[in-house]
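Proteins get letters first, then strands, A, B, ... in listed order; numbering begins at 1 in each. Keep in mind the model is a prediction, meaning the values are calculated, not measured. Keep in mind that the numbers below use all heavy atoms, side chains included, and drop hydrogens, waters and symmetry copies.
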Protein chains: 2
Amino acid sequence: MARKTGSHSEITGPRVREAALTLFARHGFAAVSMRQIAREVGVQAGALYLYTKDKQSLLFDLMRTHMDELLAAWADEPKGQNALEALEAFSRFHIRFHLERPDAVFIAYMELRNLTDENFAAIEALRRQYEGELESILRAGQEAGELDISDIRLSSMAIIAMLTGVNTWYREGGRLSREAVADRYWDMVRGAVGA
Amino acid sequence: MARKTGSHSEITGPRVREAALTLFARHGFAAVSMRQIAREVGVQAGALYLYTKDKQSLLFDLMRTHMDELLAAWADEPKGQNALEALEAFSRFHIRFHLERPDAVFIAYMELRNLTDENFAAIEALRRQYEGELESILRAGQEAGELDISDIRLSSMAIIAMLTGVNTWYREGGRLSREAVADRYWDMVRGAVGA
DNA sequence: TTGGTAACTGAACAATCGTTCATATCCAAG
DNA sequence: CTTGGATATGAACGATTGTTCAGTTACCAA
């Protein structure tokens, strides 16, 4: 047996990435076999290689796509009139974007060590670029006297860690809505930068 | 051939755990084989089973030991005279303790999904206990009017995520000493709780 | 109706996995 | 000097791993 009905290439490709995303997030890259992914898609393991060069490329594609989308989405986001408004925009954007794709976020943070050196460098560069966006806001706010920050790099890392941490405990349908969570985190971020 | 010289049990046991700790942190639990651990220790794979029931128990032991040490160390820590001082003590303690054992921290956060359900529940309970320590401080501070917090659980998670984040970027011999880092993070924590 | 090709199967490859076990060696105690 | 337990080897187990590939099918265009 082979192809059952119709042209499947444009359907199977995305389904492979979806299955890999879910399974990698749930069990970890190293613990998931190509056969498990294939079973999830409803296909034999060999067919996966029509859509990815190898397992490593599958992981890298997921991570690079995630980072590209992150940077593109932030670029499209309205930044407000000053540094404080930009920081609020960043905080709310970060929480919203990350809560919308918990699996991709999980993978992007947990599977860095399973990338080859070359692929790791590429993802790391994108991450630094995103961190740079926040650093720019903090620097502008400091120069304008809007914020009180003793170390920009350090504050940037602290804020990102705090905001990303939402993903570890937030559950849909829980006690607080996403907006309520974002409100409270923005309060804390503002306090942390002395504004 | 078997044992070369002397009694090794009290030496090999810890060495197995050390090797597992390092390798699990570097490559991930699922990506490390028992043979790799054995090679690091300088022993054949079969000998590992004199010191651990199986691979899963090895992981669980590392994580439970880490959590036990964390809780014991915090219990021994001076807490100050009021909630604000206790929060400062907690912040500085958390950074110090975590920076001293980056491998164990990494494993405790990354390998939860590789635990059996039973083992996961045990580790999770210890983690909740630690989070409860911080929540108690925040609640006391709120009741005493020392702190301005809108949601204790949420603030607790935010603070812990922020503090633990230090481990992702701090490098020994870098721009800032541990004390300088702790000073700045304490400033941010204090701002985040409105004090 | 035919031919070509995209999509897929199913078997096969060598390598590696966690774990067990019979065997060997060493040390301390009787 | 003998014995027994602790410590380790090294081979073996079946299962599974990522990946390749020759063959098979289903569809579309001519």
Please enumerate all residues that pass salt bridge (charged side-chain N to carboxylate O under 4.0 Å, His left out) together with [X], with sequence neighbours excluded.
X        : answer
A/Glu118 : none
A/Glu40  : none
A/Arg26  : none
A/Arg15  : none

Round to a whole Å and report the spacing from [atom1] of [X] to [atom2] of [N].
X       : N      : atom1 : atom2 : value
A/Gln56 : D/dG18 : CD    : C1'   : 13 Å
B/Asp54 : C/dT20 : CG    : P     : 8 Å
A/Leu58 : D/dG18 : CG    : P     : 11 Å
A/Phe29 : D/dT17 : CZ    : C1'   : 12 Å
A/Lys55 : D/dT16 : NZ    : C1'   : 12 Å

Exercise. Among residues 39-50 of chain B, which residues get a heavy atom nearer than 4.0 Å to DNA chain D?
Worked result: B/Val43, B/Gln44, B/Gly46, B/Ala47, B/Leu50
For residues 57-69 of chain A, please give each side-chain donor-acceptor pair under 3.5 Å, one per line with the distance, not counting sequence neighbours.
unit_1, atom_1, unit_2, atom_2, d
A/Ser57, OG, A/Asp54, OD1, 2.8
A/Thr65, OG1, A/Asp61, O, 2.7

Problem set entry | Selected nucleotide, minimal atom distance to A/Gln36 side chain, candidates D/dT17, C/dC17, D/dT7 |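 When the side chain of A/Gln36 is considered, D/dT17 is the closest of D/dT17, C/dC17, D/dT7.
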Exercise. Quick one: which of C/dA7, C/dG18, D/dG18 gets closest to the side chain of A/Met34?
Worked result: D/dG18
OP1, OP2 of [N] versus side-chain N and O of [X]: anything below 4.0 Å?
X       : N      : answer
A/Tyr51 : C/dA7  : no
A/Thr12 : C/dC8  : yes
A/Ser33 : D/dT17 : yes

Validation: residues 104-111 of chain A side-chain donor-acceptor distances under 3.5 Å, sequence neighbours left out:
unit_1, atom_1, unit_2, atom_2, d
A/Tyr109, OH, A/Thr164, OG1, 3.4
A/Glu111, OE1, A/Asn114, ND2, 2.6
A/Glu111, OE2, A/Phe29, N, 3.0
A/Glu111, OE2, B/Arg113, NH2, 2.9

For this session: Could I get the full list of side chain to side chain contact (heavy atoms under 4.5 Å, CB included) partners for A/Arg139, not counting sequence neighbours?
Result: A/Glu135, A/Ser136, A/Glu143, A/Ile152
Seminar exercise, completed: Stems of at least 3 consecutive Watson-Crick or G-U wobble pairs (donor-acceptor distances under 3.5 Å) involving DNA chain D, listed by first number, are C:1-30 with D:1-30
Problem set entry | Side-chain heavy atoms of A/Trp186 within contact of A/Ile95, under 4.5 Å | no
Problem set entry | First encountered from the 5' end of DNA chain D, between B/Arg35 and A/Ala30 | B/Arg35
Exercise. Do A/Glu88 and A/Arg190 sit within salt-bridge range, that is, some charged N less than 4.0 Å from a carboxylate O?
Worked result: no
